[in-house]
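So the structure is just underneath, and the comments pick up after that.
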Amino acid sequence: MGRDISGRAGKRTAGVKGTGARVVTCDVESWSQFVDIIQSWQGFRNWCFRGQGDAGWTLRSSLSRHIEVSKVSRKAWVRQEERIRRIFERKSHLFTADTPQGDELEWLALMQHHGAPTRLLDFTWSPYVAAFFALERATKDAAIWAVNLPLLWDIQGGRPIDGVNLEKADPRDADAFRKYYLPNKSAFVWQGDPFRMPQRVVAQSGTFLVSSHLGKTVEDILAGYPGTGELLVKFVLPAAKLRAEAMASLYSMNITQATLFPGLDGLARSMAYEFEYSWEVDLATNEIVEAMRHPRLPGPVLDRLRSKDSSAS
């Protein structure tokens, strides 16, 4: 691709590391800079994003992380992954009558939705939803991972990846899942959705990455893909510097726990940010905000509006 993901029009610049590699890191200094980067290139509309509260965390599924904690032998991975999938299917009818039919990915999405460890990674089409998940509870550097899906699709549609033709490796098909994913032999990632989308995935503009290898991170897998061009960009956001502005901006977009997790649980979770938000006072000092004291539109803002209006005419 060879695109510049630094700040546009000679304004702020973002430190980009690993340019020309499959995986690059972009250090962001402010919330407005991140917004500028995302909005200045339409191509990001076809990428998917994932927010993580610690920039030091790798891109690994919940099942991969659980393997590290539980110390289950690699020789037992296949048997144990099949075991939890089988147990969940046999018992889930006790709690819901609307169980998946003939879609392995829908089963995995249902498991993930209710807290079971799976090899799925939640992503979203919205960089702002990803930013919410990255920054909501972050206290240090957070990360937004961005996957270049058009390039990924192009590569995977034109050649086998690690010996696998991905057109035959659709994880929605149970036989394909057993053949290409459970053995953890080939290293590739698949992006897509179950045919029936869970409500939470719809609310979050979500999609899934499915890793074929529980022992490898997504960034390691993509770093080994053939060809050239950035497949993965890691935006590093200093939470201490930009979290307050970002969260207020996301709140104004109606991106909250209440909207991302429909239901009473999501509403309850959203109270944490409601506690730290006020339109009336600066909560750090409990003083009335300046815009409430002097509600007229500031001159510089009016000047920018007038200039835009005159240029449009």
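All values below were derived from every heavy atom in this structure, side-chain atoms included, with hydrogens, water molecules and symmetry-related copies excluded.
How far CG of Leu231 is from CG of Leu151: 4.5 Å, rounded to the nearest 0.5 Å.
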Verdict with supporting geometry, Trp190 and Gln156, side chain to side chain donor-acceptor pair (under 3.5 Å): CA-CA 9 Å; Trp190 183 94; Gln156 295 183 161; over 6 Å; no

Kindly determine whether Thr99 and Trp107 satisfy side-chain contact (heavy atoms from CB on, under 4.5 Å), including the steps that lead there. CA-CA 8 Å; Thr99 56; Trp107 273 112; 3.9 Å; yes

Assess the residue pair Leu182 and Glu82 against the criterion (side-chain contact (heavy atoms from CB on, under 4.5 Å)); give the C-alpha distance rounded to whole Å, side-chain angles, the decisive distance to 0.1 Å, and a yes or no. CA-CA 8 Å; Leu182 282 177; Glu82 288 183 317; 3.5 Å; yes

Arg50 and Ile144: side-chain contact (heavy atoms from CB on, under 4.5 Å), yes or no, with the steps? CA-CA 6 Å; Arg50 176 180 173 86; Ile144 298 173; over 6 Å; no

Could you walk me through whether Glu29 and Lys241 pass the side-chain contact (heavy atoms from CB on, under 4.5 Å) test, one step at a time? CA-CA 8 Å; Glu29 295 300 323; Lys241 184 184 296 186; 2.9 Å; yes

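Following chains of ILVMFWY side-chain contacts shorter than 4.5 Å, one cannot reach Val210 starting from Phe195, and the two form parts of different hydrophobic clusters. Grouping the Ile, Leu, Val, Met, Phe, Trp and Tyr side chains by contacts below 4.5 angstrom, directly or via other members, places Tyr277 apart from Met271. Val78 and Ile87 are assigned to two separate hydrophobic clusters, defined by single-linkage of ILVMFWY side chains at heavy-atom distances under 4.5 Å. Criterion: ILVMFWY side-chain heavy atoms under 4.5 Å apart, direct or through other members. Under it, Met197 and Leu209 are part of a common hydrophobic cluster. There is a path of hydrophobic side-chain contacts, each under 4.5 Å, that joins Val147 to Trp153.
A salt bridge between Asp54 and Lys140 is present, with a side-chain N of the basic residue lying under 4.0 Å from a carboxylate O of the acidic one. Glu136 has no carboxylate O lying under 4.0 Å from a charged side-chain N of Arg243, or vice versa, which leaves the two without a salt bridge. Salt-bridge annotation for Glu81 and Arg178: absent, with no side-chain N of the basic residue lying under 4.0 Å from a carboxylate O of the acidic one. Ion pairing between a basic and an acidic side chain is recognised when a charged N comes within 4.0 Å of a carboxylate O; Glu106 and Arg172 show no such pairing.
Side chain of Thr124 to main chain of Val129: no donor-acceptor pair is present (N/O by atom type, distance under 3.5 Å, no hydrogens or angles). Judged by distance alone, the side chain of Tyr273 and the main-chain N or O of Ala248 form a donor-acceptor pair under 3.5 Å. Judged purely by atom type and a 3.5 angstrom limit, Ser249 has no side-chain atom pairing as donor or acceptor with the backbone of Glu245. Here the side chain of Asp162 pairs a donor or acceptor atom with the backbone of Ala187 at under 3.5 angstrom. Asp27 places no side-chain N or O within 3.5 Å of a backbone atom of Val236 that could act as its donor or acceptor partner. Distance alone, capped at 3.5 Å, places no donor-acceptor pair between the Trp77 side chain and the Ile67 backbone.
No more than 12 heavy-atom neighbours from other residues, nucleotides or ligands sit within 6.0 angstrom of NE2 on His66. Annotation for Arg137: atom CZ does not count as buried by contact number, only 12 or fewer foreign heavy atoms lying within 6.0 Å. Residue Arg83 qualifies as open at atom CZ: its count of foreign heavy atoms under 6.0 Å is 12 or below.
Between Trp47 and Leu149, the closest side-chain pair of non-hydrogen atoms is not below 4.5 Å. In this structure, Tyr128 and Ile38 have side chains that are in contact, with non-hydrogen atoms separated by less than 4.5 Å. Within the 4.5 Å cutoff, side-chain heavy atoms of Leu110 are placed close to those of Phe88. Residues Phe34 and Leu242 fail the side-chain proximity criterion, which asks for heavy atoms closer than 4.5 Å. Between Leu59 and Leu121 there is a side-chain heavy-atom pair separated by less than 4.5 Å. Residues Phe177 and Leu108 are in side-chain contact: their nearest non-hydrogen atoms beyond the backbone lie under 4.5 Å apart. With contacts defined as side-chain heavy-atom distances shorter than 4.5 Å, the pair Ser212/Val189 does not qualify. Taking the side chain as every heavy atom from C-beta outward, Leu237 and Leu135 approach each other to under 4.5 Å.
Taking the six-membered ring where tryptophan is involved, the planes of Phe49 and Phe44 are tilted, since the angle between them lies from 30° to 60°.
For the ring pair (Phe, Tyr, Trp, His ring centres under 6.0 Å) test with Phe188, the passing option among Tyr181, Tyr225, Tyr180 is Tyr181; the others fail.
Side-chain contact annotation: Glu219 with Trp145, donor-acceptor N/O pair under 3.5 Å absent. Using modelled atom types and a 3.5 Å distance limit, the side chains of Asp193 and Thr207 yield a donor-acceptor pair. Using modelled atom types, one finds a donor on one side chain and an acceptor on the other under 3.5 Å when comparing Arg119 with Asn184. If you check the side chains of Ser30 and Ser32, you find a donor sitting under 3.5 Å from an acceptor.
A search for side chain to side chain donor-acceptor pair (under 3.5 Å) contacts involving Asn46 returns nothing, not counting sequence neighbours. Residues satisfying the side chain to side chain donor-acceptor pair (under 3.5 Å) criterion with Gln112, sequence neighbours excluded, are Thr118, Asp122. By the side chain to side chain contact (heavy atoms under 4.5 Å, CB included) test, Arg60 is found to be paired with Thr58, Ser64, Arg65, Glu68, Thr217, residues two or more places apart in sequence or in another chain being considered.
When ring centroids are compared, Phe208 and Phe123 stay outside the 6.0 Å threshold.
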